Amino acid sequence: MIKHMDAAEHDAALRVADLMAAAARTAPKGSGRDKIVTIILDGEEKSALAEEMNRAAMEYGEEFIARDAKNVENSHCVVLIGALSEPFGLTNCSMCGFENCGAMKKAGANCAFNITDLGIAVGSAVSVAADHRIDNRVMYSAGRGAVRMGIFPEDVRVCYGIPLYTGSKSIFFDRGPGAVLR
């Protein structure tokens, strides 16, 4: 078998994406309850995410979302990490800014434990990508696009996307106005 560089790099990015999903799942949790959900997109599904991000860029009038959509389109795959919005049911926590979990849920807010756990999971995942020298970028915009598309279960309202890329130069740098994107 002969495997050319492009195929090897794509396969490596997908292997690392699997390891990132495992790292997100096994990351420490604030209360020991797992509310983290991961999904990996490539191919047509990744392209659909980039298209949704472009629609969001136009709707919100935000250039950075269109820039990120181009990065997603040019990446090998995207790791999506979200947090379930289900509250813990504590009676005296109020770290979310509400009196209790019932008031938080009624207001449609997010549990501070879940959001903190999401941050820890994202950090664990990107450290795996860095350990394997796979270029990546944490993107609110990709996560927002995934939520808009309904990729996650309905009770995931907060998520981040992490596109992965290999190449001689990272596509995630020089992203300012006038930057050349491949």
Side-chain angles (χ1 to χ4, degrees), residues 13-14 16-17 20-21 23-25 27 29-30 34-87 95-98 104-130 134-165 170-177 179 181-182:
L14 286 172
V16 169
M20 291 170 68
R25 171 70 106 191
K29 309 296 187 289
D34 188 10
K35 305 289 179 85
I36 300 300
V37 180
T38 61
I39 296 173
I40 299 168
L41 302 180
D42 75 339
E44 292 177 14
E45 291 80 10
K46 179 183 65 81
S47 294
L49 174 61
E51 290 172 18
E52 181 61 34
M53 291 169 68
N54 278 318
R55 281 191 287 279
M58 291 178 58
E59 181 181 326
Y60 300 153
E62 294 289 350
E63 289 182 30
F64 82 93
I65 298 175
R67 176 205 62 204
D68 289 355
K70 183 83 168 164
N71 285 155
V72 165
E73 185 59 41
N74 290 327
S75 67
H76 297 298
C77 60
V78 178
V79 177
L80 299 166
I81 305 174
L84 297 171
S85 59
E86 171 189 324
M95 284 180 51
C96 62
F98 292 90
M104 180 214 67
K105 186 171 183 163
K106 185 176 179 181
N110 294 295
C111 174
F113 278 109
N114 297 350
I115 300 304
T116 300
D117 290 351
L118 175 60
I120 296 167
V122 167
S124 290
V126 298
S127 71
V128 168
I134 303 292
D135 293 332
N136 66 90
R137 177 74 60 179
V138 177
M139 295 181 176
Y140 149 83
S141 55
R144 183 69 185 127
V147 170
R148 284 172 52 115
M149 290 174 67
I151 291 174
F152 281 95
E154 192 173 301
D155 59 344
V156 172
R157 297 189 315 253
V158 181
C159 135
Y160 289 95
I162 309 165
L164 305 179
Y165 177 79
S170 175
I171 61 174
F172 306 118
F173 288 98
D174 302 329
R175 299 180 339 137
L181 295 175
R182 294 184 177 99

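What you see is a predicted model; the values in this text were computed from it and never measured.
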| Does Phe113 have any ring-ring contact (aromatic ring centres under 6.0 Å, His included) partners at least two apart in sequence or in another chain, and if so, which? | Phe88
| said: Show the nearest heavy-atom pair for residues Ile36 and Ala24, with the distance to one decimal. | reply: CG2-O, 4.2 Å
| Which pair of heavy atoms, one from Ala57 and one from Ala66, lies closest together, and at what distance? | CB-N, 3.5 Å
| Is it true that a side-chain atom of Asp117 and a backbone atom of Lys29 form a donor plus acceptor pair closer than 3.5 Å? | no
| task | Might you point out which heavy atoms bring Ala13 and Cys77 nearest each other, and give the distance in Å? | result | O-SG, 3.9 Å
| message | Once rounded to the nearest 0.5 Å, what's the spacing between atom CE of Met20 and atom CD1 of Ile134? | response | 9.5 Å
| field | Charged tip of Arg137 within 45° of Phe64 ring normal and under 6.0 Å | value | no
| At what distance, to the nearest 0.5 angstrom, does CE of Met139 lie from CD1 of Ile65? | 11.0 Å
| task | Applying side chain to side chain contact (heavy atoms under 4.5 Å, CB included), name anything that partners Ala146, two or more places apart in sequence or on another chain. | result | Leu49, Leu80, Ile151, Phe152, Cys159
| query | Any sub-3.5 Å donor-acceptor pair from Asp155's side-chain atoms to Leu84's backbone N or O? | reply | no
| Does a sphere of radius 6.0 Å around CZ in Arg25 hold more than 12 heavy atoms from other residues, nucleotides or ligands, not counting ones at 6.0 Å or beyond? | no
| request: Sequence neighbours left out, what passes salt bridge (Lys or Arg N to Asp or Glu O under 4.0 Å) with Glu62? Give chain and number order. | output: none
| Distance from Glu51 atom CD to Glu73 atom CD, nearest 0.5 Å? | 7.5 Å
| query | What is the minimum heavy-atom distance between Ile162 and Ala125, and which atoms define it? | reply | CD1-CB, 4.4 Å
| query | Rounded to the nearest 0.5 Å, how far apart are CD of Glu52 and CD of Glu59? | reply | 8.0 Å
| request: List the atom of Met95, the atom of Ala112, and the distance in Å for their closest heavy-atom pair. | output: CB-CB, 3.8 Å
| said: Distance check, rounded to the nearest 0.5 Å: Ser75 atom OG versus Asp135 atom CG? | reply: 11.0 Å
| request: Apply the test side chain to side chain contact (heavy atoms under 4.5 Å, CB included) to residues Thr38 and Ile40: give CA-CA distance (whole Å), side-chain angles for both, the deciding distance (0.1 Å), then the verdict. | output: CA-CA 7 Å; Thr38 61; Ile40 299 168; over 6 Å; no
| Closest heavy-atom contact between Leu118 and Ile81? | CD1-O, 3.4 Å
| Side chain of Lys35, backbone of Glu86: donor and acceptor closer than 3.5 Å? | yes
| query | Yes or no on side chain to side chain contact (heavy atoms under 4.5 Å, CB included) for His76 and Leu14, after CA distance, side-chain angles and deciding distance? | reply | CA-CA 8 Å; His76 297 298; Leu14 286 172; 5.9 Å; no
| query | Atom CZ of Arg157 and atom OG of Ser85: how far apart are they, to the nearest 0.5 Å? | reply | 4.0 Å
